[in-house]
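Start at 1 with the first residue, then count along the sequence.
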Amino acid sequence: LYPSFVSLLQHGRQDEPFRTFMMSKRDKAILKTVSSGYDNSEGAFEKIGGLGLVTKEQMDNSTEYTNFTHLFEEAVLGVGTNAQKIDVNANYSLGACRALDACRSFRSRVFKILGLQSPQPARRKGPYRVIIIDNKRYGKGDTVHSLTKALQLHERLGDFDIRFV
């Protein structure tokens with residue numbers, strides 16, 4: 001859904017309601033294991049778009065949809081570089097977050113639809129909080145603790161409150 005939203009944003013239509021069309025079908029193995037998973041996701045897609053959801057499966061199996069020719073007057077398709085590796089690019093940030101401020105726009109839309117107040121912007125000046133969590137992948141010994149101490153003493157990081165957990 002996010003890549004499609006970015007496509008809308010690129011055309012200046014991010015505030016307009018839309019109907020989500022899902023090409024993928026429900027995987028029977030997943031459905032058997034987590035029966036409500038698809039319902040929850042599809043419910044979110046309906047709310048975020050504002051005009052409901054139509055799935056390829058519905059169009060293939062429902063008399064409401066199969067006996068008709070469907071004409072899409074407008075279609076905005078999203079993926080391509082808006083998703084980069086299906087929603088996440090190589091450094092795990094969502095596509096177009098910096099260039100178009102797409103993450104904030106998407107978050108604002110979701111908060112508005114859910115009737116929630118948008119969170120305050122991130123702080124612009126220190127102290128910035130950093131928490132370093134010990135993890136067995138870093139090896140045995142006090143590697144992470146030593147790293148935390150070194151960062152705390154580094155002169156360029158004076159505005160950072162660095163803690164080890």
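- Proximity of Met22 to Phe45: side-chain heavy atoms (C-beta onward) are separated by under 4.5 Å at one or more points.
- Note that CZ of Phe5 and CD of Gln10 are 11.0 Å apart. Values are rounded to the nearest 0.5 Å.
- Around atom CZ of Arg163, no more than 12 heavy atoms belonging to other residues, nucleotides or ligands sit under 6.0 Å away.
- Leu9 contributes atom CG, which lies 12.5 Å from atom OG of Ser4 (distance to the nearest 0.5 angstrom).
- Taken to the nearest 0.5 Å, the CG atom of Leu116 stands 6.0 Å off from the CZ atom of Phe111.
- A salt bridge is defined here as a Lys NZ or Arg NE, NH1 or NH2 lying under 4.0 Å from an Asp or Glu carboxylate O, and Glu74 with Arg19 fails to meet this definition.
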| request: Could you walk me through whether Leu1 and Thr20 pass the side chain to side chain contact (heavy atoms under 4.5 Å, CB included) test, one step at a time? | output: CA-CA 8 Å; Leu1 187 61; Thr20 303; 3.8 Å; yes

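- By the 30° and 60° cut-offs, the orientation of the rings of His145 relative to Phe164 is parallel.
- Taking both residues in full, the closest heavy atoms of Ile133 and Val144 are given as O-CG1, 4.3 Å, listed atom of the first, atom of the second, then distance.
- Remark: side-chain polar atoms of Glu42 are not paired, donor with acceptor, to backbone N or O of Asp39 under 3.5 angstrom.
- Counting only heavy atoms from C-beta outward, the side chains of Met59 and Phe21 approach each other to under 4.5 Å.
- Test Thr143, Leu153, Ile132 against Thr148 for side chain to side chain contact (heavy atoms under 4.5 Å, CB included) and you get one pass: Ile132.
- For the atom pair CG (Leu31) and CZ (Arg26), the distance works out to 6.0 Å, reported to the nearest 0.5 Å.
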| task | Could you walk me through whether Arg109 and Ile48 pass the side chain to side chain contact (heavy atoms under 4.5 Å, CB included) test, one step at a time? | result | CA-CA 7 Å; Arg109 181 183 181 102; Ile48 292 169; 4.2 Å; yes

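- A donor-acceptor contact shorter than 3.5 Å links the side chain of Tyr38 to the backbone of Asp27.
- Summarising the geometry of Tyr2 relative to Cys97, their closest heavy-atom pair is OH-SG, 3.7 Å, with the distance given to 0.1 Å.
- For CG of Leu114, the number of neighbouring non-hydrogen atoms (other residues, nucleotides, ligands) closer than 6.0 Å is greater than 12.
- Not a single donor-acceptor pair under 3.5 Å links the side chain of His11 to the backbone N or O of Arg13.
- In this structure, OH in Tyr128 is found 13.0 Å from CD1 in Ile162, a value given to the nearest 0.5 Å.
- If you take CD on Gln152 and CG on Leu157, they are separated by 10.0 Å, rounding to the nearest 0.5 Å.
- Heavy atoms only, all atoms of each residue included: Asp161 and Pro127 are closest at CB-CB, 4.5 Å.
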| query | Going through the distances and angles, do Met23 and Thr55 end up as a side chain to side chain contact (heavy atoms under 4.5 Å, CB included)? | reply | CA-CA 6 Å; Met23 288 292 293; Thr55 66; over 6 Å; no

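- Residues Ile113 and Leu51 fall into different hydrophobic clusters, defined by Ile, Leu, Val, Met, Phe, Trp and Tyr side chains chained together at heavy-atom separations under 4.5 Å.
- Crowding of Arg104 atom CZ: a count of heavy atoms from other residues, nucleotides or ligands under 6.0 Å not exceeding 12.
- The closest side-chain heavy-atom distance from Lys125 to Asp159 is not below 4.5 Å.
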